[in-house]
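Heads up: the structure comes next, in structure tokens.
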Amino acid sequence: MQHILQQTTDHDMNSAAPLPSGKKVLIYYYMFGETLGGSDYLPLLFIEELQRRGCSVILALDWKSDIEHAINHYGIELDVHAVDIVLVKPESNVLRRLDAILPFYRTRQLKKLAKDADICISCANMIDFGKPAHHVVFLMRLFGDNAFYDFFMHRKPLSGLSLFKRKLRTFLAETILRPLLGMRSTRTIIADRREHIYVPSQYVANTMRTFYGDFNCTVFYPPTTFDIPSMEIERVPLRVIYLGRVQKEKGITEIIGIVELARSVSGQDIQLHIAGPLTPGEYADTIKRTVSEKPWVRLIDPVYGDDKAAFLLGGTYAVHARRDEEFGISVAEYLKAGIIPIVPDEGGSMEVVGNPELTYRTDEEAARILARLLVDETFRQKQADNCKERAKVFSFGQYMKHQNEILDRIMDRQVPA
């Protein structure tokens, strides 16, 4: 194990010492990359609060990270020099490739660290600490169970040779290798009633229960990283926006089609502004070509900070198209910016909006909702009021209240219902 930061002064050594009533907490996270998101915010907020409670914290990471940059980015008040930061991935490239298939090395290091920890928390999905722990579900693509990920993403079941290969790999890993190496699978951890899972939405909880059966879980909405500053920005009445990655799974072409149909139905000159990173490839070329043919659509580079706030505050409506969203941070940001979002009738985004009058089954239904918002002032005002009230659920204060309730129970060794 490699310690990334060392306590080199008497002050640092003293600040690292826990208060007499403190506990030793092991937190696992994947890494803090150059691009930071909501999933990076959560472990830092945990550590900040745990330090305030007098706990000593060990932060186990897969990869070396610029944690001080992340702390400064979010404006979090924690003493990084009082955190024992440890890498749990092997340094050898060969071992890293093997560990990517079956993370024996990482699991072994985490189990060693967990032996001396009073509490173990994974902020990156299910982890085998060798003892009962708390696991926060984040990126589904890193969930740790390919069969469940396919199920979650509504992919067609494998068949033929592909199905045989997966079953063979699963049999070898779960029946032979994992037991031999003393490792538990994702499914085994979820099924263990001593473990507790924190999911980003009721949608994820229901989907996991459908696939795995009942398990101990608590819905824990992730922190939305962006609060809207006070700015003098004129809201454009006929502007629809989309903020996020411009990728096929985000349904950008569907969003364009919905707005185009709403223009036809309402007779209004609706404008669509799309802001976000464009992943190079065939789909990006399709989007660029489509935008060039429709003067009412504008494609904007990624926006951050005040530019992002201005972009959000300048819109009046938003259309979201992804149906298998774990949560929907961008949708929560729409609400906080005073935008009325229209979302699919499934997935985390539907749960964020919490309003059936703004959810749709088909693109045609979405277009009708958007058109009605434009021509029916009573309906529009009602939805605006509902969205303003719903936005309060995703305020930073509400997040901290829920986080601290969860930490209270964890520290008291009580499992939330």
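Only this structure's heavy atoms are used, side chains among them; waters, hydrogens and symmetry mates stay out. Here, residue 1 is the first one in the sequence, and each next residue gets the next number.
Of the possible donor and acceptor atoms, one in the side chain of Lys131 sits under 3.5 Å from a partner among the backbone N and O of Ala114. Remark: the backbone N or O of Leu45 is not paired with any side-chain donor or acceptor of Tyr74 at under 3.5 angstrom. Between the side chain of Tyr334 and the backbone N or O of Leu243 there is at least one donor-acceptor pair closer than 3.5 Å. Using modelled atom types, one side-chain atom of Tyr242 and one backbone atom of Arg245 make a donor-acceptor pair closer than 3.5 Å. Looking only at distances, no side-chain donor or acceptor of Asp192 sits under 3.5 Å from a matching main-chain atom of Thr188. Listed for the Arg390 side chain is a donor-acceptor partner under 3.5 Å among the backbone atoms of Val352. Remark: side-chain polar atoms of Arg235 are paired, donor with acceptor, to backbone N or O of Gly315 under 3.5 angstrom. Side chain of Asn125 to main chain of Phe138: a donor-acceptor pair is present (N/O by atom type, distance under 3.5 Å, no hydrogens or angles).
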Derivation of the salt bridge (charged side-chain N to carboxylate O under 4.0 Å, His left out) call for Glu357 and Lys382 | CA-CA 10 Å; Glu357 291 189 293; Lys382 175 186 174 184; 3.1 Å; yes
Does the side-chain hydrogen bond (donor to acceptor under 3.5 Å, both in side chains) test come out yes or no for Tyr360 and Arg368, once each step is laid out?
-> CA-CA 9 Å; Tyr360 65 89; Arg368 287 196 297 271; over 6 Å; no
Evaluate the side-chain contact (heavy atoms from CB on, under 4.5 Å) criterion for residues Leu61 and Ile67: first the C-alpha distance (whole Å), next the side-chain angles of each, then the deciding distance (0.1 Å), finally the verdict.
-> CA-CA 11 Å; Leu61 299 172; Ile67 300 172; 3.7 Å; yes
Verdict with supporting geometry, Asn216 and Glu195, side-chain hydrogen bond (donor to acceptor under 3.5 Å, both in side chains) | CA-CA 7 Å; Asn216 288 327; Glu195 308 283 350; over 6 Å; no
Test side-chain hydrogen bond (donor to acceptor under 3.5 Å, both in side chains) applied to Tyr212 and Asp145, step by step = CA-CA 11 Å; Tyr212 293 110; Asp145 183 338; 2.7 Å; yes
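Shown here are the ring pair (Phe, Tyr, Trp, His ring centres under 6.0 Å) partners of His73, two or more places apart in sequence or in another chain: there are none. Applying the side-chain hydrogen bond (donor to acceptor under 3.5 Å, both in side chains) criterion to Thr279, with sequence neighbours excluded, gives Gln247. With sequence neighbours excluded, no residue forms a side-chain hydrogen bond (donor to acceptor under 3.5 Å, both in side chains) with Thr316. Under the ring pair (Phe, Tyr, Trp, His ring centres under 6.0 Å) criterion, Phe220 pairs with Tyr399, His402, sequence neighbours left out. For Phe211, the ring pair (Phe, Tyr, Trp, His ring centres under 6.0 Å) criterion is met by Phe148, Phe151, not counting sequence neighbours.
Cation-pi geometry between Arg209 and Phe215 is met: the NZ or CZ atom falls under 6.0 Å from the ring centre, inside 45° of the normal.
Rounding to the nearest 0.5 angstrom, the gap separating the CG atom in Leu370 from the CD atom in Glu365 is 13.0 Å. Here the OH atom belonging to Tyr283 is positioned 8.0 Å from the NZ atom belonging to Lys248, to the nearest 0.5 angstrom.
Side-chain contact between Cys123 and Ile121 is present, with at least one heavy-atom pair separated by less than 4.5 Å. Using a 4.5 Å heavy-atom cutoff, the side chains of Leu110 and Asp128 are not in contact.
Paired with Leu59 under the rule side chain to side chain contact (heavy atoms under 4.5 Å, CB included), one option of Val80, Asp84, Ile27 passes, and it is Ile27. No option in Asp306, Asp301, Asp307 other than Asp307 meets the side chain to side chain contact (heavy atoms under 4.5 Å, CB included) test with Val303.
Applying the side chain to side chain donor-acceptor pair (under 3.5 Å) test to pairs two or more places apart or on separate chains, those with a residue in residues 341-352 are Tyr221-Glu351, Arg323-Asp345, Arg323-Glu346, Asp345-Arg361.
A donor-acceptor contact closer than 3.5 angstrom links the side chains of Thr218 and His196.
For His135 and Tyr198, the ring centers are positioned 6.0 Å apart or more.
Remark: Lys401 engages Glu405 in a salt bridge, criterion side-chain N to carboxylate O under 4.0 Å. A salt bridge links Arg322 with Glu325: at least one charged nitrogen is closer than 4.0 Å to a carboxylate oxygen.
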